[in-house]
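Before any comments, here is the structure.
A, B, ... follow the sequence lines: proteins, then strands. Residue 1 opens every chain.
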Protein chains: 2
Amino acid sequence: MQTQSPQSQQSRVLVQLRDMILKGVFAPGERLAEIPLSERLEASRTPVRLALATLQHEGLIEPLAGGGYQMRRFTAQEVSDAIEVRGVLEGMAARLLAERGAPRQLMRDLQACLEQGDEAVDKPTMDLDDYASYQEMNNRFHELLVQGCGNSALIRSLETLNGQPFAAASATLPMQSARDEEGQRWMRLAHRQHHALVDAITRGQGARAQALAQEHVEIARMNVDSALEHADKMAGLMPAMRLVSANRP
Amino acid sequence: MQTQSPQSQQSRVLVQLRDMILKGVFAPGERLAEIPLSERLEASRTPVRLALATLQHEGLIEPLAGGGYQMRRFTAQEVSDAIEVRGVLEGMAARLLAERGAPRQLMRDLQACLEQGDEAVDKPTMDLDDYASYQEMNNRFHELLVQGCGNSALIRSLETLNGQPFAAASATLPMQSARDEEGQRWMRLAHRQHHALVDAITRGQGARAQALAQEHVEIARMNVDSALEHADKMAGLMPAMRLVSANRP
DNA sequence: GGGTGATCTATTGCATACAATGAGTGCAGG
DNA sequence: CCTGCACTCATTGTATGCAATAGATCACCC
């Protein structure tokens with residue numbers, strides 16, 4: 001969802017700023033002033049301004065009363081909320097695919113994901129390559145599901161959601177170390193759910209597909225919860241964790 | 001979802017531009033150049049630029065390859081998609097309320113909506129005041145439902161959706177003239193659904209509440225379809241209709 | 001006559017100067 | 001010593017100048 005041509009200052013500044021935010025460079029509540037940012041990113045205030053406006057629409061920063069922006073603080077509740085909405089929307093996508101019948105090519109791509117996941121997961125112990133392969137497959141799987149459903153509004157909504165830290169499918173797995181036995185158990189469960197989901201879609205079982213996709217995100221929610229509990233250990237691996245306060249009202 | 005203080009040029013230009021777009025001032029595909037707009041709105045290019053960026057994020061205009069923006073064209077399919085997603089999300093909101101139990105005050109407010117709707121609808125023939133009252137109530141009802149569910153991500157997603165023409169709850173009713181008998185029948189059905197929905201929430205029936213809210217938007221979809229069929233008659237009342245092309249793939 | 005090239009113009013992207021507003025600080029008075 | 005006011009400074013909002021680029025138009029050659 002970039003704004004202009006990839007060579008422009010705008011997009012460069014936007015990408016860099018978003019990257020810095022997601023790497024936890026700014027503390028929650030910290031003011032993001034234009035001039036320091038423009039010096040740091042070696043651009044004028046104009047593209048910085050536009051990038052800040054974009055980031056506000058993405059929900060990563062929020063406007064201050066007197067003008068300007070500050071880094072947003074995410075509560076654990078908000079992250080959980082976003083994951084829950086993702087479950088409902090991906091559930092809808094799965095249901096639509098099952099009800100309408102998925103195109104042959106899409107089913108082939110999903111099958112390829114399943115096989116790649118099998119290879120990574122069906123081992124006594126997964127190494128880092130297996131882990132990376134699984135993560136790449138997982139992203140592709142969810143992307144295929146959403147894009148394949150064909151509902152443009154749903155695609156847009158999920159793209160927005162995925163901009164939130166830890167809400168995206170891609171952000172939920174890497175919290176557990178690949179060597180962690182419990183983490184591997186969760187990944188195996190998640191992959192069994194992938195299999196079941198593709199089976200449901202193939203057989204046109206809309207309600208089952210929806211329920212499976214919805215349940216699937218519960219793993220993500222548990223991962224976030226456990227990451228928040230061990231926030232001290234995670235700080236190095238997941239710097240964006242500092243954006244999330246553990247307060248759950 | 002305005003960006004800055006209400007007195008600024010930015011917000012004024014943004015509101016005016018959004019209003020013009022939704023009033024159908026620009027034809028689909030028409031280029032929105034900065035200089036003519038800034039002259040027309042009596043502001044410099046800077047606030048116009050920022051407003052255009054905002055409108056792009058809202059999905060009302062789209063960027064052109066060489067820079068700049070053009071008016072977006074909506075297909076009937078996209079409108080239908082957006083309404084379907086709204087149904088799923090409002091269904092989720094209703095389910096959450098039913099499952100978690102809604103606060104006393106919220107239930108009182110919803111009851112007030114029901115009574116106001118009863119007064120407007122339980123008549124042999126509705127006049128324009130009844131119609132206006134119902135429309136205001138309808139907006140409030142849906143707003144209460146969504147805001148009341150307490151899921152921040154869901155609220156955000158629905159706010160985005162409601163920015164799309166004809167996707168919002170507020171945009172679906174006025175297509176039928178108040179004097180139209182068939183239109184009144186649909187409004188009575190819709191209001192019966194409101195009653196059933198509140199009943200389901202009160203009794204903690206999550207699945208029923210969700211199904212009712214989801215079914216509820218089917219009326220909106222039918223209204224849009226019928227408006228598209230009679231596009232010629234609607235052109236005067238609903239100028240934004242020209243943004244929607246009837247192509248349904 | 002058609003196609004290709006060059007020039008020309010309109011429009012955006014970027015930078016910066018200027019104005020306005022709000023916050024923070026210091027001083028004075030009670 | 002505390003409070004209130006005024007002043008200063010920092011930061012954003014706005015306007016505009018300049019450069020680069022894409023598209024269109026026109027002329028010229030094949």
Checklist outcome for this item: Of dA15(D), dA15(C), dG13(D), the nucleotide closest to the side chain of S44(B) is dA15(D)
Item to check | Whole-Å gap separating P (dT16(D)) and CD (Q9(B)) | outcome: 11 Å
Item to check | Residue R45(A), side-chain atoms from C-beta onward, closest of dA15(C), dT12(C), dT16(C) | outcome: dT16(C)
Checklist outcome for this item: Atom CG of L14(B) and atom C1' of dT14(D) are separated, to the nearest Å, by 16 Å
Item to check | Candidate nucleotides dG13(C), dT14(D), dT12(C), ranked by approach to the side chain of Q10(A) - the nearest | outcome: dG13(C)
Item to check | Value in whole Å for how far the P atom of dT16(C) lies from CZ of R49(A) | outcome: 16 Å
Checklist outcome for this item: Taken to the nearest whole Å, CG/L50(A) to P/dT12(D) is 15 Å
Checklist entry - Within this structure, what is the CG-to-P distance between L64(B) and dA10(C), rounded to whole angstrom? => result 19 Å
Item to check | Donor-acceptor pair between Q164(A) and E78(A) side chains, under 3.5 angstrom | outcome: no
Checklist entry - Between atom CD in Q70(B) and atom C1' in dG23(D), what is the gap in whole Å? => result 15 Å
Next on the checklist: Classify the ring geometry of H194(A) against H142(A): parallel below 30°, tilted from 30° to 60°, perpendicular beyond 60°.
Outcome noted: perpendicular
Next on the checklist: Can you tell whether the side chains of R73(A) and E62(A) come within less than 4.0 Å, N to carboxylate O?
Outcome noted: no
Checklist entry - With distance as the sole criterion, is a donor-acceptor pair present between the side chains of D81(A) and Q77(A) under 3.5 Å? => result yes
Checklist outcome for this item: Closest of dC18(D), dG13(D), dT11(D) to the E34(A) side chain is dG13(D)
Checklist entry - Roughly how many Å is it from OH in Y69(A) to C1' in dG13(D), rounded to a whole number? => result 11 Å
Next on the checklist: Output the rounded distance in Å from CD (E39(B)) to C1' (dA15(D)).
Outcome noted: 14 Å
Checklist entry - So which one's nearest nucleotide on DNA chain D is more toward 5', E42(B) or L32(A)? => result L32(A)
Next on the checklist: Quick check for you: among dC14(C), dT12(D), dT12(C), whose closest atom lies nearest to any side-chain atom of I35(B)?
Outcome noted: dT12(C)
Checklist entry - In terms of side-chain heavy atoms of T46(A), which of dT14(D), dT12(C), dC14(C) is nearest? => result dC14(C)
Item to check | Passing candidate, side chain to side chain contact (heavy atoms under 4.5 Å, CB included) with R40(B), options V25(B), I35(B), L17(B) | outcome: V25(B)
